[in-house]
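First up is the structure itself, then whatever we jot down about it.
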Amino acid sequence: TEIPIGSPVRTQAIINRYFMKAKKSLGQNFLVDLDALQGIVQAADIKKDDQVIEIGPGIGSLTEQLLKAGAKVFAYEVDEKLPEILHNELPVKIAGAPLSARFKLKMKDILKADFKQDLSDFFDLSKPIKVVANLPYYITTPIIFFLNGSDLKFSSLTLMMQKEVADRLSAHSGTKEYGPLTIAVQAEMAVQSYMTVKSSSFIPRPKVDSSVVVLKPLPAENKIDIANSKHFNWVVKMCFAQRRKTLNNNLKALIPNTDDRAHLIKSLGVDAQIRPEQLTLKQFVQIAAKVPVKN
Ligand code: SAM
């Protein structure tokens, strides 16, 4: 039995064997920490025959652990050097079946994925799909918004990302991390921060620490009805345009009339001097309803 791909010696050996140079422009930081890899598999709650989309398998460290846990993995990758490496380094057989029955690689930018078309001959699209990834950090938020806006019916997203972004996604109102990103994501999904991973767990080492976050679509009964999410997210951004100023001040651009503004703030049941970061998601929804929709 071979040592796992995600152990430092094996990863280093693969890097040497293939003259791999981690591409910064593609956000390549390979995870070489078996506890962290196991942690991701646990956070995603992988069960036998789970259908998993992996974004950016790299040299296969996480892929291998997902396969061992019983998942069927469909992976999106863009680095043309990796198909050969994945083909040679991933186990030839998984629980008696050939690798090809359990793993499929698609060379395509995840942000251009057409899930119905890409997945239909590998996954049963009537069954839930989990997304698991050690993300390329240069596109963390575009990927989250892309997945959320796509027709993919995912049951969870388990994502390793830069800790700073993870902290913003899971923030509570009243904290400095709480802002437009928090609100846009929490309006759609329940966010749970699962664990922190030190930068020394990667080759090469990223400049920042990382966190694993689990995002799950909110059940319909817990979801606040946001009629127009583009309008909503724009209003929230405007409310935070100057974080240190009061809500009233930030609202001037949206609701020029002083009395109208005072009336709206009063209807929220909050202090006139309130700052945007102290507002709840529901209160932002109330504000958005009072701001004319811009075309
Ligand atoms: N999964 C591996 C691991 O955990 O060690 C590698 C993770 S590395 C942080 C990010 C991976 O995403 C790289 O393999 C990179 O080539 C790939 N990647 C970068 N941009 C991508 C894109 N737009 N679509 C799909 N994969 C991408």
Side-chain angles (χ1 to χ4, degrees), residues 3-15 18 20-44 46 52-69 71 73-87 89-90 103-115 118-119 130-147 150 152 157-166 194-195 197-213:
I3 359 170
I5 299 172
S7 63
V9 275
R10 175 93 185 272
T11 289
Q12 198 54 61
I14 292 173
I15 289 175
Y18 298 92
M20 253 314 265
K21 219 176 150 331
K23 296 183 181 73
K24 252 199 190 151
S25 62
L26 293 180
Q28 291 182 350
N29 299 94
F30 303 116
L31 188 53
V32 287
D33 178 334
L34 292 172
D35 290 335
L37 286 162
Q38 276 307 315
I40 297 173
V41 172
Q42 267 172 30
I46 298 299
V52 172
I53 294 176
E54 187 189 2
I55 302 163
I59 61 172
S61 336
L62 178 57
T63 321
E64 182 183 49
Q65 299 303 319
L66 291 165
L67 292 168
K68 279 186 180 162
V73 180
F74 187 100
Y76 287 92
E77 179 54 73
V78 287
D79 183 349
E80 292 294 342
K81 215 174 149 66
L82 294 171
E84 184 203 358
I85 300 182
L86 287 164
H87 179 79
E89 302 295 333
L90 284 172
F103 174 69
K104 190 164 174 174
L105 180 64
K106 179 94 186 166
M107 294 307 289
K108 193 181 200 179
D109 178 352
I110 181 65
L111 298 176
K112 300 202 171 106
D114 175 344
F115 293 112
D118 298 345
L119 302 170
K130 293 175 176 174
V131 177
V132 181
N134 172 14
L135 289 177
Y137 293 176
Y138 72 105
I139 41 174
T140 300
T141 53
I143 289 174
I144 295 172
F145 286 114
F146 178 79
L147 293 169
S150 77
L152 181 71
L157 310 176
T158 302
L159 307 173
M160 169 101 82
M161 61 186 71
Q162 52 278 56
K163 184 171 179 301
E164 179 249 323
V165 176
Y194 193 82
M195 65 177 174
V197 179
K198 289 247 166 286
S199 63
S200 56
S201 294
F202 300 84
I203 297 179
R205 240 181 224 231
K207 288 203 180 69
V208 293
D209 283 341
S210 301
S211 287
V212 176
V213 173

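Both backbone and side-chain heavy atoms feed into the values below; hydrogens, waters and symmetry mates do not. Every number for a ligand or one of its atoms is a count from 1 in the order of the listing.
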Check: Going from CG on Leu37 to CG on Leu62, what distance comes out if it is rounded to the nearest 0.5 angstrom?
Finding: 6.0 Å
Name every donor-acceptor pair, under 3.5 Å, that has one atom in a side chain of residues 136-144 and the other anywhere in the protein, sequence neighbours excluded.
| residue | atom | partner | partner atom | Å |
| --- | --- | --- | --- | --- |
| Tyr137 | OH | Ser210 | OG | 2.6 |
| Thr140 | OG1 | Tyr137 | O | 3.2 |
| Thr140 | OG1 | Gln162 | OE1 | 2.9 |

Next item on the list: Any chance you could measure Gln42, atom CD, to Met195, atom CE, to the nearest 0.5 Å?
Entry: 8.5 Å
Checklist line | Option passing side-chain contact (heavy atoms from CB on, under 4.5 Å) with Glu89 (candidates Glu64, Arg10, Glu84) | finding: Arg10
Short N or O contacts of ligand 1 with protein, under 3.5 Å, listed by atom name?
| residue | atom | partner | partner atom | Å |
| --- | --- | --- | --- | --- |
| ligand 1 | 1 (N) | Glu54 | OE2 | 3.4 |
| ligand 1 | 1 (N) | Gly56 | O | 2.8 |
| ligand 1 | 1 (N) | Pro57 | O | 3.3 |
| ligand 1 | 4 (O) | Asn134 | ND2 | 2.8 |
| ligand 1 | 5 (O) | Leu31 | N | 2.9 |
| ligand 1 | 14 (O) | Gly58 | N | 3.4 |
| ligand 1 | 14 (O) | Glu77 | OE1 | 2.8 |
| ligand 1 | 16 (O) | Gln28 | NE2 | 2.9 |
| ligand 1 | 16 (O) | Glu77 | OE2 | 2.6 |
| ligand 1 | 20 (N) | Tyr138 | OH | 2.8 |
| ligand 1 | 23 (N) | Asp109 | OD1 | 2.9 |
| ligand 1 | 24 (N) | Ile110 | N | 3.1 |

Note to self: Quick check on Lys130: does its NZ atom have over 12 non-hydrogen neighbours (other residues, nucleotides or ligands) under 6.0 Å away?
What the structure shows: yes
Checklist line | Distance, nearest 0.5 Å, that separates CD1 of Ile203 from CE of Met20 | finding: 11.5 Å
